[in-house]
**Q** 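Here it is: the structure, laid out below.
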Number of protein chains: 2
Amino acid sequence: MSDRTEQTDAIDKLEVWCAGEEWCPVTTTATLIGKKWHPVIVHRLLEHGPSGFNELKENVDGISSKVLSDSLDDLGEKQLVDREIISEKPVRVRYSLTDHGESLKPVIYAMRDWGLEHITESDDRNSSIV
Amino acid sequence: MSDRTEQTDAIDKLEVWCAGEEWCPVTTTATLIGKKWHPVIVHRLLEHGPSGFNELKENVDGISSKVLSDSLDDLGEKQLVDREIISEKPVRVRYSLTDHGESLKPVIYAMRDWGLEHITESDDRNSSIV
DNA sequence: CTGAATCCTAAAGGATACTG
DNA sequence: CAGTATCCTTTAGGATTCAG
């Protein structure tokens with residue numbers, strides 16, 4: 001209902017965070033996804049689409065319930081991820097990216113691409129990425 | 001001299017970090033620049049080119065000496081930033097991006113672009129990015 | 001000017017167990 | 001299935017001071 005209000009709050013927080021300088025767009029983004037698991041979670045949601053809790057946990061791999069839960073809360077507050085209850089009994093939930101979250105695609109994919117290139121570099125030492 | 005060795009070490013660390021899964025390129029990148037100030041530091045070096053310590057500190061703005069120093073050490077270990085002493089007396093140092101660090105440009109710029117778009121949204125509430 | 005050394009606090013992350 | 005609740009450890013970050 002009052003999702004406009006919540007969003008405004010989130011944006012206010014950002015402005016505070018970026019104060020001290022003629023605010024920095026890089027910092028803005030870093031603040032949102034600069035947690036250990038955030039980029040991976042967003043990536044998995046981009047790749048696999050809307051997912052249940054445990055499904056997501058499997059895909060992320062290595063994350064504990066608590067941390068995943070915390071991370072999803074945080075991503076929710078930041079309007080990047082949406083949580084939808086799709087069944088009461090048994091409880092079934094579906095996490096998906098909001099439009100806002102979806103818009104991070106270029107960032108996440110840039111990260112993915114960089115990772116791809118630079119790990120390859122170690123396997124394939126003679127590749128000349130230069 | 002043995003910079004090849006150091007680089008191999010850094011990459012080994014990454015591989016360890018990414019173990020537990022058929023390694024994840026997103027995580028790889030997140031591990032490297034997923035610290036509070038790392039993206040900003042790299043960004044400033046991209047924008048302003050090679051910089052002295054205090055110059056960099058000014059450009060980053062809001063960071064303490066200790067944290068900047070720690071961050072630069074870390075970025076150095078990861079072969080993203082190079083440190084060069086250009087004068088002994090008085091001590092003058094120049095930090096610059098390695099090729100490796102320079103290659104992060106698309107990632108950092110993707111972050112910057114996202115930040116630009118999504119803060120504008122708050123100033124200019126009626127803009128329809130949709 | 002360029003940091004290193006200390007000390008401290010807050011926050012993030014993780015292990016484990018349990019619940020509706 | 002989808003979490004919460006605890007508890008604990010680690011680490012990041014920050015303030016301040018000192019030094020080459």
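So that the names make sense, note that chain A is the first sequence line, chain B the second, and so on, each numbered from 1. The structure displayed is predicted, hence computed values, not measured ones.
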**Q** Measure NE2/B:H38 against P/D:dA12 and give the value in whole Å, please.
**A**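 Distance check: B:H38 NE2 to D:dA12 P gives 9 Å.
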**Q** Please tabulate, one pair per line, each protein N/O and nucleotide N/O from nucleotides 3-5 of chain D that are separated by under 3.5 Å, including the distance.
**A**
unit_1, atom_1, unit_2, atom_2, d
D:dG3, OP1, A:R83, NE, 3.1
D:dG3, OP1, A:R83, NH2, 2.5
D:dG3, OP1, A:Y95, OH, 3.3
D:dG3, OP2, A:Y95, OH, 2.6
D:dT4, OP2, A:S69, OG, 2.8

**Q** Consider only side-chain N and O atoms of A:T28 and B:H118, and report whether a donor and an acceptor are under 3.5 Å apart.
**A**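 No - no donor-acceptor pair under 3.5 Å links their side chains.
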**Q** Test ring pair (Phe, Tyr, Trp, His ring centres under 6.0 Å) on A:W37 and A:H43 and set out the steps.
**A** CA-CA 10 Å; A:W37 298 99; A:H43 178 243; over 10 Å; no
**Q** Which whole-number value in Å describes the distance from A:L68 CG to D:dA2 P?
**A**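 It is 11 Å, rounded to the nearest whole Å.
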**Q** Atom CD of A:E84 and atom P of D:dC1: how far apart are they, to the nearest Å?
**A**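 The distance from CD of A:E84 to P of D:dC1 comes to 19 Å, rounded to the nearest Å.
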**Q** Between A:V67 and A:V91, which is nearer to the 5' end of DNA chain C once each is assigned its nearest nucleotide?
**A**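 The residue closer to the strand's 5' end, by nearest nucleotide, is A:V67.
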**Q** Return the value, rounded to whole Å, for the distance between atom NZ of A:K36 and atom P of C:dA11.
**A**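 So the NZ-P distance, A:K36 to C:dA11, works out to 19 Å.
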**Q** Could you check how far NZ of B:K35 sits from C1' of C:dA11, rounded to whole Å?
**A**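 So the two atoms are 13 Å apart, to the nearest Å.
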**Q** For residues B:L72 and B:L56, determine if any side-chain heavy atom of one lies less than 4.5 Å from a side-chain heavy atom of the other.
**A**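 Counting from C-beta outward, B:L72 and B:L56 do come under 4.5 Å.
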**Q** Please round to the nearest 0.5 Å and tell me the distance separating atom CG of B:L75 and atom CG of B:L97.
**A**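 Those atoms lie 9.0 Å apart.
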**Q** Kindly indicate whether the side chain of B:Y95, heavy atoms from C-beta on, has any atom under 4.5 Å from the side chain of B:I41.
**A**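 When only atoms from C-beta onward are counted, B:I41 and B:Y95 do not touch, as no gap falls below 4.5 Å.
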**Q** Taking OP1 and OP2 of D:dA12, is either one under 4.0 Å from a side-chain nitrogen or oxygen of B:W37?
**A**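 Answer is no, no contact under 4.0 Å.
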**Q** Are A:F53 and A:I86 grouped together when hydrophobic residues (ILVMFWY) are joined by side-chain heavy atoms under 4.5 angstrom apart?
**A**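 The answer is no; the residues belong to distinct hydrophobic clusters.
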**Q** Go nucleotide by nucleotide along DNA chain D from the 5' end; which of B:S71 and A:R94 gets its closest nucleotide reached first?
**A**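 Its nearest nucleotide lies further toward 5', so the answer is A:R94.
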**Q** Rounding to a whole Å, what distance do you find between A:K89:NZ and D:dA2:P?
**A**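 Value for this atom pair: 15 Å.
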